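These notes are about the structure you will find just below.
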Amino acid sequence: MTDPTNEPAWHTDVAMATRLSDGPIDVGSETSYTFGLSGGRGTAIGRVVDFEQDRLETIHYDRGPMGLTPTITLRFEPERDGVRFTRTVEIEPTGLARVLAPVMGRLVARRNATFVDNVRRRFAGDSPPS
């Protein structure tokens with residue numbers, strides 16, 4: 001899950017992810033993301049700002065939809081029947097985006113739920129939609 005090159009398999013907004021840093025994922029690792037149509041088309045650089053092996057990864061992006069700079073946190077918590085995966089998205093809207101924040105919040109929450117469900121289905125042996 002923390003290998004960003006696997007992200008297009010479950011994060012359907014990402015068309016391609018290319019690591020820019022060598023070695024294992026850790027704080028400071030960078031990845032270039034190319035987004036398809038549903039991801040707003042374009043590229044962004046994601047930089048790992050917090051990392052705990054098998055527990056947590058937080059990535060800050062230099063750009064996102066509408067010029068916003070999201071921070072995404074992936075959490076992995078052991079449970080009796082496996083691992084609970086949680087993905088949270090934080091965005092600080094500025095300017096005109098503040099007016100649209102309630103609508104954007106609902107949209108981000110729906111898209112995020114889709115991505116988390118794609119992960120669940122992938123690890124259950126089902127294929128997420130393309």
Side-chain angles (χ1 to χ4, degrees):
M1 282 298 306
T2 59
D3 179 348
T5 62
N6 292 326
E7 197 159 335
W10 59 269
H11 185 179
T12 53
D13 287 350
V14 175
M16 183 171 57
T18 305
R19 296 224 23 226
L20 302 176
S21 304
D22 293 327
I25 299 292
D26 206 342
V27 172
S29 296
E30 292 185 331
T31 300
S32 173
Y33 294 87
T34 302
F35 298 96
L37 182 60
S38 61
R41 289 197 186 263
T43 61
I45 303 297
R47 184 171 197 268
V48 176
V49 295
D50 195 6
F51 186 79
E52 296 175 39
Q53 183 70 40
D54 299 327
R55 294 180 44 105
L56 170 87
E57 180 178 15
T58 301
I59 307 155
H60 181 74
Y61 296 83
D62 67 344
R63 73 185 73 152
M66 297 179 60
L68 302 173
T69 55
T71 299
I72 297 176
T73 300
L74 310 175
R75 291 186 189 279
F76 309 91
E77 301 168 277
E79 289 191 337
R80 187 170 48 100
D81 295 332
V83 175
R84 175 186 300 266
F85 170 64
T86 308
R87 181 181 188 267
T88 57
V89 180
E90 297 175 56
I91 300 173
E92 288 293 326
T94 59
L96 180 60
R98 274 192 252 162
V99 174
L100 301 172
V103 172
M104 288 176 29
R106 288 189 295 275
L107 177 64
V108 167
R110 266 187 264 139
R111 298 294 296 155
N112 194 48
T114 297
F115 304 144
V116 170
D117 189 53
N118 288 347
V119 169
R120 181 196 56 76
R121 293 186 323 160
R122 182 163 178 82
F123 282 98
D126 301 334
S127 295
S130 301

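Just so it is clear, the structure is predicted and the values come from calculations on it, not from any experiment.
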Gap between atom CG of L74 and atom CZ of F115 - 0.5 Å precision: 12.0 Å
Distance (rounded to the nearest 0.5 Å) between I91 CD1 and T69 OG1: 8.5 Å
Inter-residue atom distance E7.CD - I59.CD1, 0.5 Å rounding: 6.5 Å
Check: V89 main-chain N/O paired with N112 side-chain donor or acceptor under 3.5 Å: no
Heavy-atom donor-acceptor pair, D50 side chain to E57 backbone, under 3.5 Å: no
Residue pair T18 / S32, side-chain donor-acceptor N/O under 3.5 Å: no
R75 side, atom CZ; T86 side, atom OG1 - distance, nearest 0.5 Å: 8.0 Å
Heavy-atom side-chain proximity of R111 to L107 below 4.5 angstrom: yes
Same cluster (ILVMFWY, side-chain, under 4.5 Å), Y33 and V119: yes
Neighbour count >12 (heavy atoms, 6.0 Å) for atom CD, E52: yes
Taking every non-hydrogen atom, the tightest pair across P4 and P8: O-CD, 3.9 Å
Minimum heavy-atom distance F51-I25, with the two atoms named: CE2-O, 3.5 Å
same_hphob_cluster(W10, V83) at 4.5 Å side-chain heavy-atom cutoff: yes
Residue pair T12, N118: steps toward the side-chain contact (heavy atoms from CB on, under 4.5 Å) verdict: CA-CA 9 Å; T12 53; N118 288 347; 3.7 Å; yes
S21 (side chain) donor-acceptor with E30 (main chain) under 3.5 angstrom: yes
Close side-chain approach of T58 and V48, heavy atoms under 4.5 Å: no
Which atom of A44 lies closest to which atom of F35, heavy atoms considered: CB-CE1, 3.7 Å
Closest non-hydrogen atom pair, F76 against F85: CE2-CD1, 3.5 Å
T114 side chain to R110 backbone, donor-acceptor under 3.5 Å: yes
Heavy-atom pair of closest approach, residues S29 and R19: OG-NH2, 4.1 Å
E90 CD to I72 CD1 distance, which is reported to the nearest 0.5 Å: 10.0 Å
Straight-line distance of L20 CG to R47 CZ, nearest 0.5 Å: 11.5 Å
